[in-house]
Each structure stands twice: as C-alpha cells, then as structure tokens.
2 protein chains.
Amino acid sequence: MRKDSRLSRMLHVLIHMDRLGGPATSERIAKMLSTNPVVVRRTMAGLREQGYVTSVKGHGGGWSLAMPLHKISLLDIHNALGESSVFTIGLSDEYTHCPIEQAVNKAIKDVLIEAESLLLERFGEVSLDVLAEGFVDLPAPSFDEGKGY
Amino acid sequence: MRKDSRLSRMLHVLIHMDRLGGPATSERIAKMLSTNPVVVRRTMAGLREQGYVTSVKGHGGGWSLAMPLHKISLLDIHNALGESSVFTIGLSDEYTHCPIEQAVNKAIKDVLIEAESLLLERFGEVSLDVLAEGFVDLPAPSFDEGKGY
DNA sequence: TTTCATGTAACTTATGATGTTTCTTAAATT
DNA sequence: AATTTAAGAAACATCATAAGTTACATGAAA
C-alpha cells in the first residue's frame, strides 16, 4: 500500500530551512526532495495556513520558518499536512445494520483509536529542535547541490 | 488515502461462516461483500495458508472454518492477510546519510513502532467468539439474499 | 519594465488495489 | 462416463488517487 512520506520530508526541509540565512525557493526545496516546485507549494501551503512558515513572492522571495524549531512538534506538522487517518486499515460499510459487522467494526475502531491517540501523543512530545541537535554546525549541501547529502 | 477493509470484511465473513451448516462458496461470499469470487479466493487463500479456513473443490465444496472462533484473534487474521504496515505514514529515503533525515526518520519510526506494538497487542487480545456473542441465534440473511442485512 | 517567485487551476501520469476473463483441476451428481 | 459445480491460477482491464506537469495570473524587487 502506498506510503505518505510528506511528514518525514517536510520535517527534513524545515530543519534545513532553519540553518539557511534567507528564504528557500520552492525550486530549491523541490530539487532537495527530487520533486517539483508546484508539489512543494501545495504541501507547504498547509504549513503556511497553520502559521509555521511564511511565503514571499517575487525577487528574493521564497519560504521561511515563521517560528523557532522548539515551538514546532511532529504533531503540529502532521496536523498541518491534513491527512485524515494514519492507518491503512479501514472499516467495511456494506451492512451497517448487521450487528456482527457493527461488533467487528467497533472492535477494530476501538483499537485504532487507542493506537492513534498514543501516536499523536508521542508526536506531540517531539519538537524539531531536538531532532536538529548535534548537527548545529552542519551545512546543508543537499540544499545547494542536489543529492550530495 | 486508500483504505484496506479486508480485515473488517473477512472477520465479518468468518463469523457468519461459523453459523452456516456447510461450506460457503466464493460466489456466495462475494455476493455478501458485493465483490467477485476471484477476489474472495485471493483473500481467503492467505487465511487458508495459515490454517484458519479450508477450501474444498467441486460439488458441495467451498470454504469452511478450520477451528472454533475462540481460537482466532483479530491479530491472527490481520497477520494472515499479509499487509506489511498498518500506517499510511512512510519515511523519506532521499538522503539516507544526511544526519538530519536520519534523526527525523528515527523519531517518526520510534513512534510508529510503539503505536503498532500497542495495536497488535490489542488485536491479539480480541478473539472472534467475543465479537459473535449476543447474536447466537441470528441467521445470516446477508449470506442468502444479498444486501438484506 | 523585466525578472523572479509564489498562487492556482486544469490536466496528465504512475501506481497499486480491485475487478474480470479464461482456462485448468478436482470432486460429486446424474 | 459425462455433466455439473466449485476452487486455483494466470493474464489482463479498470479505477482511485497521489504525484507530477503545464500554463497562466499575481505580486515584489532589481
């Protein structure tokens, strides 16, 4: 089943952005992610709406962090990306008034809710500055020269 | 993102099968699930390989439960369906030796592992007989007449 | 006023699950 | 023995949707 790696990739980008002097263009970020500027804009738009990044048009423009990394958690970015569910597991809806289907779906749903709660809680506990720790002086060659890093 | 409802649907089917006198044909199960006999065979094949159901060819053949419901857990069927991961969230692999990407991916992965462990543990605690309880005398009209139930 | 960069809509492509067709194998009924 | 019923399996078609692409509008700086 298809995976959504936007969270991982956006976190990676945000931490590199934190080291950049100025804004990063969609073009530049797209090269880093081996993708395409429009896809970057699409994805970053969600983060901008929630106030984590800002975008500036025109010459010298691009994307910038709107707050320090320690104020951003994995949960924040996860939510900003707006993916409905974290699970590939879904419930059937063929016979919604069959009591057996109801019992089956309730059992599965209860477990999914519990597991998702734990996951979101843990995501909320990790802020991006912690992930960036220990690499403070590291440049970001991937930003400048494609797959160098 | 696409959902995989095979677990929910197969559990539903297995519990109904438990009430049937004889074997259920792929055709019959397919009608119940509004799908197609080949898809049913494909899905049931995994359950057969793990010993939860048996199949018999020819006249009067079809699918039967190979053990009582109390010996089968949600985890058993989940595993038998052979889905690799329960999460839609994936990790990036663009810069596997970038320490930032590594840190990001490790943080996400740790959370996914913890949440998946909880989920699998809970799935293991629920056996199918519990889901079937309280509906002992209920017939399975959905098996006989399409969407009636 | 030209260049650079985002914003947005519309469209195309790629991928993977699901659905379908066709034929084979095997077992029970006639 | 021939027929019918049903699973097994391979090959192919369809569908949903995320990702990628194109094209053009908007806005800001050089």
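Lettering of chains follows the sequences in order, A, B, ..., and the numbering in each one begins at 1.
- Looking at the side chain of A:Arg41, the nearest of the listed nucleotides C:dG19, C:dA9, C:dT6 is C:dT6.
- Rounded to an integer number of Å, the gap from B:Met44 CE to C:dT18 P is 16 Å.
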Please tabulate, one pair per line, each protein N/O and nucleotide N/O from nucleotides 28-30 of chain C that are separated by under 3.5 Å, including the distance.
none

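- Without hydrogens or angle criteria, B:Ser8 side chain to A:Leu91 main chain gives no donor-acceptor distance under 3.5 Å.
- Between A:Ile29 atom CD1 and C:dT6 atom C1' there is a gap of 11 Å when expressed in whole angstrom units.
- Looking at the side chain of A:Val38, the nearest of the listed nucleotides C:dG7, C:dT8, D:dA6 is C:dT8.
- The nearest whole Å value for the distance from the CD atom in B:Glu49 to the C1' atom in D:dA9 is 13 Å.
- Atoms CE (A:Met1) and P (D:dA18) sit 12 Å apart, rounded to a whole Å.
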Apply side chain to side chain donor-acceptor pair (under 3.5 Å) to the pair B:Thr88 and A:Asp4, showing each step before the final yes or no.
CA-CA 6 Å; B:Thr88 56; A:Asp4 180 354; 5.9 Å; no
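- Between A:Leu75 and A:Arg122 there is no side-chain heavy-atom pair separated by less than 4.5 Å.
- When the nearest nucleotides of DNA chain C are assigned to A:Arg42 and A:Gly62 by heavy-atom distance, the more 5′-ward of the two goes with A:Gly62.
- Per the geometry, NZ belonging to B:Lys31 stands 16 Å off C1' belonging to C:dG19, to the nearest Å.
- The CD atom of B:Glu27 sits 17 Å away from the P atom of D:dT4 (whole-angstrom rounding).
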For residues 54-69 of chain A, dump all side-chain donor-acceptor pairs below 3.5 Å to protein atoms at least two apart in sequence or in another chain.
{"residue": "A:Ser55", "atom": "OG", "partner": "A:Arg48", "partner atom": "NH1", "Å": "3.1"}
{"residue": "A:Trp63", "atom": "NE1", "partner": "A:Ser26", "partner atom": "OG", "Å": "2.8"}

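- Judged by distance alone, with hydrogens and angles left aside, the side-chain atoms of B:Asp76 form a donor-acceptor pair with the main-chain N or O of B:Ser73 at under 3.5 Å.
- Contact check for B:Ile15 versus B:Asp18: no side-chain heavy atoms found under the 4.5 Å cut-off.
- Taking every side-chain heavy atom of A:Ser55 into account, C:dG7 is the closest of D:dA18, C:dG19, C:dG7.
- A:Arg48 has its CZ atom 11 Å from the C1' atom of C:dT8, to the nearest Å.
- Of the candidate nucleotides D:dA7, D:dT17, D:dG20, D:dA7 has the atom nearest to the side chain of B:Ser26.
- Ionic pairing of A:Glu101 and B:Arg9 is not present here: no N-O contact between side-chain nitrogen and carboxylate oxygen is shorter than 4.0 angstrom.
- Here D:dC15 presents its C1' atom at 14 Å from CG of B:Asn36, a figure rounded to the nearest Å.
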